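What follows is a single structure, written as structure tokens, with notes after it.
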2 protein chains.
Amino acid sequence: MSRWEPNAEGRLQRAALELFADQGFENTTVAEIAERAGLTERTFFRYFADKREVLFAGAEELQKILVDVVHDAPPSSQPLSVVAQAFESINPFFEQRREGAQLRQAVIKANPELRERELIKMATLAAVLAGALRERGVSEPAATLASEAGVVVFRVGFDAWLDPRHKGDLTDAIRDGFSQLEDVSDFGFRRATPAPKA
Amino acid sequence: MSRWEPNAEGRLQRAALELFADQGFENTTVAEIAERAGLTERTFFRYFADKREVLFAGAEELQKILVDVVHDAPPSSQPLSVVAQAFESINPFFEQRREGAQLRQAVIKANPELRERELIKMATLAAVLAGALRERGVSEPAATLASEAGVVVFRVGFDAWLDPRHKGDLTDAIRDGFSQLEDVSDFGFRRATPAPKA
DNA sequence: ATGATGATGTCAGGAAATGACATCATCACG
DNA sequence: CGTGATGATGTCATTTCCTGACATCATCAT
């Protein structure tokens, strides 16, 4: 039996999420989080660079999955379809964590500082994906555009999937997003708003 | 003659920019900034919500200009062209401040915290523009897409304009950006990368 | 058992941010 | 002129975030 409970990082993440959801991000101190996890403030900062980051661990893991898919895609695929394929492959990553993701998203939405952090994470993700596309021979600005568009679709699809009323899995939600993007893309920026279908 | 020098806010902004450019954002304390401006740390926080914000004042002003142009545009214009018109109108706002803007951009680029803040400012701007478009009867997702695309073009054009080697004014740079966007948009996401021109 | 290693704790301190209150300059008004 | 209201600034105290330096504890190889 060990003096230290296992999975310190996970305990900190869990404690933080619970407290943030309960009292709000700003009303929660790092000392509280650490205490609830049975650890010390100092130890918190050994695992996470700052108080916000505790909600964003896992981003690297997700990033790695996406980049790997891009890297392994068949050589001739079109950029956006490679990106779509990558995002459509992350269902397993989130399947078990939907409830936690819902909580987390609500917490982030409620706090500007956390929104800032989320934005930079997404921007970083897009940049990394663009780099992976360029390594496949995709040129600019196609690489950046495909990645940015892909990230937008992911965010929208992810939010839709988190909605308790949503039917279907994350892959479906994201697939829908990409097909809507296709419609919008056909629609074009410069043309007038089409008449509503109804 | 007043005991207080005029334009406290401006003095703080100037002092901050100089110190950030000189020593970096992280190595500069708010106390230093205030001292250089002949004021107190406490007064700094009366003008700016936090240390970062001192670099982003003026965003509301810019935002107001853009929204006004969108608001006053002829009723039938197409969404992206309204947005383009708005951004192409901001030359006067930046004409006198190019040097300061160059410094500022370099400072922001060098610091992740400041990049976060810039990202959320741009996101807010896009959201506000989308709202203004919707008030004109533009439906979603056209409003959001046009605004987001417009902000991207602005950032790219703005960066290009800041480059010391750049010829022409900001409006030119932004106009170029929008016409490139048109090309890219024609190019389409789903099609294969065209062969390089060379 | 024992020494190396890695995880955690303890302590001290700087800097950001905020609230409460004091002080100073200006201006309107009699 | 003077005097009180108002707004800008200063002072002080405090909390919280975050970091460096060092101590301590658990584990594991030998």
Side-chain angles (χ1 to χ4, degrees), chain A residues 1-57 107-108 110-118 120-121, chain B residues 1-57 107-108 110-118 120-121:
Chain A
M1 204 186 89
S2 55
R3 170 181 178 188
W4 295 316
E5 300 298 314
N7 194 21
E9 180 168 354
R11 271 151 52 214
L12 286 167
Q13 290 175 333
R14 182 192 188 85
L17 181 56
E18 289 169 355
L19 287 170
F20 292 165
D22 212 54
Q23 325 171 340
F25 175 78
E26 303 202 339
N27 302 320
T28 305
T29 73
V30 174
E32 273 181 286
I33 300 169
E35 191 188 11
R36 175 183 275 237
L39 292 165
T40 300
E41 190 181 354
R42 190 65 185 86
T43 297
F44 177 96
F45 286 110
R46 286 202 180 93
Y47 282 98
F48 306 103
D50 60 51
K51 185 182 164 188
R52 285 173 260 174
E53 199 64 16
V54 68
L55 280 181
F56 295 90
V107 168
I108 291 173
N111 186 278
E113 291 181 64
L114 294 173
R115 296 239 231 116
E116 284 187 347
R117 181 57 52 88
E118 189 181 38
I120 205 169
K121 291 289 180 184
Chain B
M1 202 187 87
S2 55
R3 169 181 175 186
W4 295 317
E5 301 298 314
N7 194 21
E9 180 168 352
R11 273 151 51 216
L12 285 168
Q13 290 175 334
R14 183 192 187 83
L17 182 55
E18 289 168 354
L19 288 170
F20 292 165
D22 214 53
Q23 324 171 344
F25 176 78
E26 303 203 337
N27 303 319
T28 305
T29 72
V30 173
E32 273 180 287
I33 300 169
E35 190 187 11
R36 175 183 275 237
L39 291 165
T40 299
E41 190 181 354
R42 191 66 184 85
T43 298
F44 178 96
F45 285 110
R46 286 203 180 90
Y47 283 96
F48 307 103
D50 59 51
K51 186 182 165 189
R52 284 174 260 174
E53 197 64 16
V54 68
L55 281 180
F56 295 90
V107 169
I108 291 171
N111 185 279
E113 290 182 64
L114 293 173
R115 297 241 229 113
E116 283 188 347
R117 182 57 51 88
E118 189 182 38
I120 204 170
K121 292 288 180 186

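For the numbers below, each heavy atom of this structure counts, side chains included, while hydrogens, waters and symmetry mates do not. Computed from a predicted structure; not experimentally measured. A, B, ... follow the sequence lines: proteins, then strands. Residue 1 opens every chain.
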Output a table of donor-acceptor pairs, distance under 3.5 Å, between side-chain atoms of residues 34-51 of chain B and any protein atom two or more places apart or on a different chain; print 'none' if there are none.
residue : atom : partner : partner atom : Å
B:R36   : NH1  : B:E18   : OE1          : 2.4
B:D50   : OD1  : B:R52   : N            : 2.9
B:D50   : OD1  : B:E53   : N            : 3.0
B:D50   : OD1  : B:R117  : NH1          : 3.3
B:D50   : OD2  : B:R117  : NH1          : 3.4
B:D50   : OD2  : B:R117  : NH2          : 3.1
B:K51   : NZ   : B:F25   : O            : 2.9
B:K51   : NZ   : B:T28   : O            : 2.7

- Query: How many angstroms lie between atom CD of A:E116 and atom CD of A:E113, to the nearest 0.5 angstrom?
  - Reply: 7.0 Å
- For residues 20-32 of chain B, which residue pairs qualify under salt bridge (charged side-chain N to carboxylate O under 4.0 Å, His left out), counting only residues two or more places apart or in two chains? none
- Message: Rounding to an integer number of Å, can you tell me how far A:L39 CG sits from C:dG6 C1'?
- Response: 15 Å
- Item | Separation of C:dG6 C1' from A:Y47 OH (nearest whole Å) | 10 Å
- Message: Rounded to whole Å, please give me the gap between CZ in A:F44 and P in D:dC17.
- Response: 9 Å
- Query: To the nearest 10 degrees, how far apart in direction are the end axes of the helix from C:dA1-D:dT30 to C:dG30-D:dC1, each fit to five base pairs?
  - Reply: 0°
- Item | Side chain of B:R42 - closest among C:dA20, C:dA17, C:dC11 | C:dA20
- Message: In whole Å, I'd like the distance from the CD atom of B:E32 to the C1' atom of C:dA17.
- Response: 17 Å
- If you check every side-chain atom of B:D50, which of C:dT10, C:dA20, C:dA17 has the closest atom? C:dA17
- Find out whether B:V54 and B:F20 are in side-chain contact, i.e. whether some heavy atom of one side chain is under 4.5 Å from a heavy atom of the other. yes
- Looking only at N and O atoms, is any donor in the side chain of A:R46 or the base of C:dG9 less than 3.5 Å from an acceptor on the other one? yes
- How many Å lie between CG on B:N7 and P on D:dT9, as a whole number? 10 Å
- Message: Whole angstroms only, please: what is the CG-C1' distance between B:N111 and C:dA16?
- Response: 14 Å
- Task: Mind calculating the distance between CD (B:E41) and P (D:dG10) to the nearest angstrom?
- Result: 12 Å
- Query: Would you say B:T43 reaches D:dT9's phosphate, i.e. side-chain N/O to OP1/OP2 under 4.0 Å?
  - Reply: no
- Note on the structure: Paired with A:L17, the side chain to side chain contact (heavy atoms under 4.5 Å, CB included) test is passed by just one of A:L55, A:L12, A:I33, namely A:L55
- Sorted by number, residues from residues 11-30 of chain B placing a heavy atom under 4.0 Å from DNA chain C are B:T28, B:T29, B:V30
- Item | A:F45 CZ - C:dT10 C1' separation (whole Å) | 16 Å
- Query: When you measure from the side chain of A:K51, which nucleotide among D:dT11, D:dC17, C:dC11 comes out closest?
  - Reply: D:dC17
- Message: Working to the nearest 0.5 angstrom, can you tell me the gap between B:N7 CG and B:Q13 CD?
- Response: 8.0 Å
- If every non-hydrogen atom of A:L114 is compared with every non-hydrogen atom of A:F56, which pair is closest and at what distance? O-CZ, 3.5 Å
